[in-house]
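Position 1 is the first residue of the sequence, and the numbers go up from there. We use all heavy atoms of the structure for the numbers below, so side chains are in, but hydrogens, waters and symmetry mates are not. The structure displayed is predicted, hence computed values, not measured ones.
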Amino acid sequence: MIKKIGPGLTKDVKKRYNQIVAFSYFSSLQQSGIGKLESLKGDRKGSYSLRLSANFRLIIKPKAKDLSSESLKNCDTIIIEGVIDYHGNGKKFSWIIP
């Protein structure tokens, strides 16, 4: 990973990963405020982004039955989809780590 994205971003990804696994439920991660968790829209609906830096986001998806608050509250599994470069609105995102 260091060869592909460099040591700084690698450190940020590992830090977020360690923070994610520290929570038992997705709802706890949502309430924590870590990484400014945001729900995504459009073709990424159901996924969430966590900030790694100004332009890079770690994209995760809770493995829940549906997107209801009760289902997300009880969700204890998160799928890491990858890291994207988040430059500008309306632009295609570039996957750094798919």
Side-chain angles (χ1 to χ4, degrees):
M1 190 161 58
I2 291 173
K3 286 182 182 180
K4 182 163 180 130
I5 63 173
L9 191 53
T10 298
K11 182 179 176 185
D12 293 339
V13 170
K14 287 180 180 180
K15 176 182 168 185
R16 284 286 178 252
Y17 173 80
N18 289 334
Q19 290 171 333
I20 290 169
V21 298
F23 292 99
S24 299
Y25 295 100
F26 182 72
S27 59
S28 300
L29 176 63
Q30 283 181 303
Q31 294 170 358
S32 73
I34 289 174
K36 297 186 180 180
L37 185 72
E38 298 176 307
S39 61
L40 300 178
K41 299 174 185 173
D43 63 344
R44 304 258 22 116
K45 185 175 181 174
S47 295
Y48 293 78
S49 71
L50 285 163
R51 291 181 188 207
L52 297 172
S53 70
N55 293 328
F56 294 99
R57 305 291 188 271
L58 179 66
I59 306 302
I60 61 173
K61 186 171 192 170
K63 191 173 181 182
K65 290 187 291 184
D66 54 49
L67 298 176
S68 69
S69 60
E70 188 62 32
S71 184
L72 292 175
K73 180 180 178 183
N74 297 318
C75 177
D76 63 357
T77 304
I78 296 172
I79 299 165
I80 296 175
E81 296 184 326
V83 175
I84 60 172
D85 185 351
Y86 228 55
H87 284 102
N89 291 328
K91 295 182 181 178
K92 288 254 182 193
F93 302 123
S94 301
W95 285 96
I96 307 301
I97 303 172

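For the pairing with V83, the side chain to side chain contact (heavy atoms under 4.5 Å, CB included) check across I59, D12, L52, L50 returns one residue only, L52. S47 pairs with exactly one of K41, E38, E81, K61 by the side chain to side chain donor-acceptor pair (under 3.5 Å) rule, that one being E81.
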- prompt: Between I60 and I20, is a side-chain contact (heavy atoms from CB on, under 4.5 Å) present by the stated rule, with each step listed?
  reply: CA-CA 10 Å; I60 61 173; I20 290 169; 4.0 Å; yes
message: Pair I78, F26 - check side-chain contact (heavy atoms from CB on, under 4.5 Å), show working.
response: CA-CA 7 Å; I78 296 172; F26 182 72; 3.7 Å; yes
- prompt: Between N55 and S53, is a side chain to side chain donor-acceptor pair (under 3.5 Å) present by the stated rule, with each step listed?
  reply: CA-CA 6 Å; N55 293 328; S53 70; over 6 Å; no
query: Checking side-chain contact (heavy atoms from CB on, under 4.5 Å) for the pair S49/L40: CA distance, chi angles, key distance, verdict?
result: CA-CA 7 Å; S49 71; L40 300 178; 4.0 Å; yes
field: Stepwise side-chain contact (heavy atoms from CB on, under 4.5 Å) check, F23 with S32
entry: CA-CA 9 Å; F23 292 99; S32 73; 3.5 Å; yes
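Side-chain atoms of R16 come within 3.5 Å of backbone N or O of R51 as a donor-acceptor pair. A side-chain donor-acceptor contact under 3.5 Å links T10 to the backbone of G6.
For the pair Y48/Q30, a side-chain contact is recorded, criterion being any heavy-atom separation below 4.5 Å from C-beta on. Under the 4.5 Å side-chain criterion, counting only non-hydrogen atoms from C-beta, P62 is not in contact with T77.
For the residue pair S71 and K65, the shortest heavy atom distance occurs at OG-N, 3.2 Å.
With values rounded to the nearest 0.5 angstrom, S39 atom OG is found 9.0 Å from K45 atom NZ. Note that the NZ atom of K63 and the CG atom of L72 stand 14.5 Å from one another [nearest 0.5 Å].
No path of Ile, Leu, Val, Met, Phe, Trp and Tyr side chains, each step under 4.5 Å between heavy atoms, connects I79 with V21, placing them in separate hydrophobic clusters.
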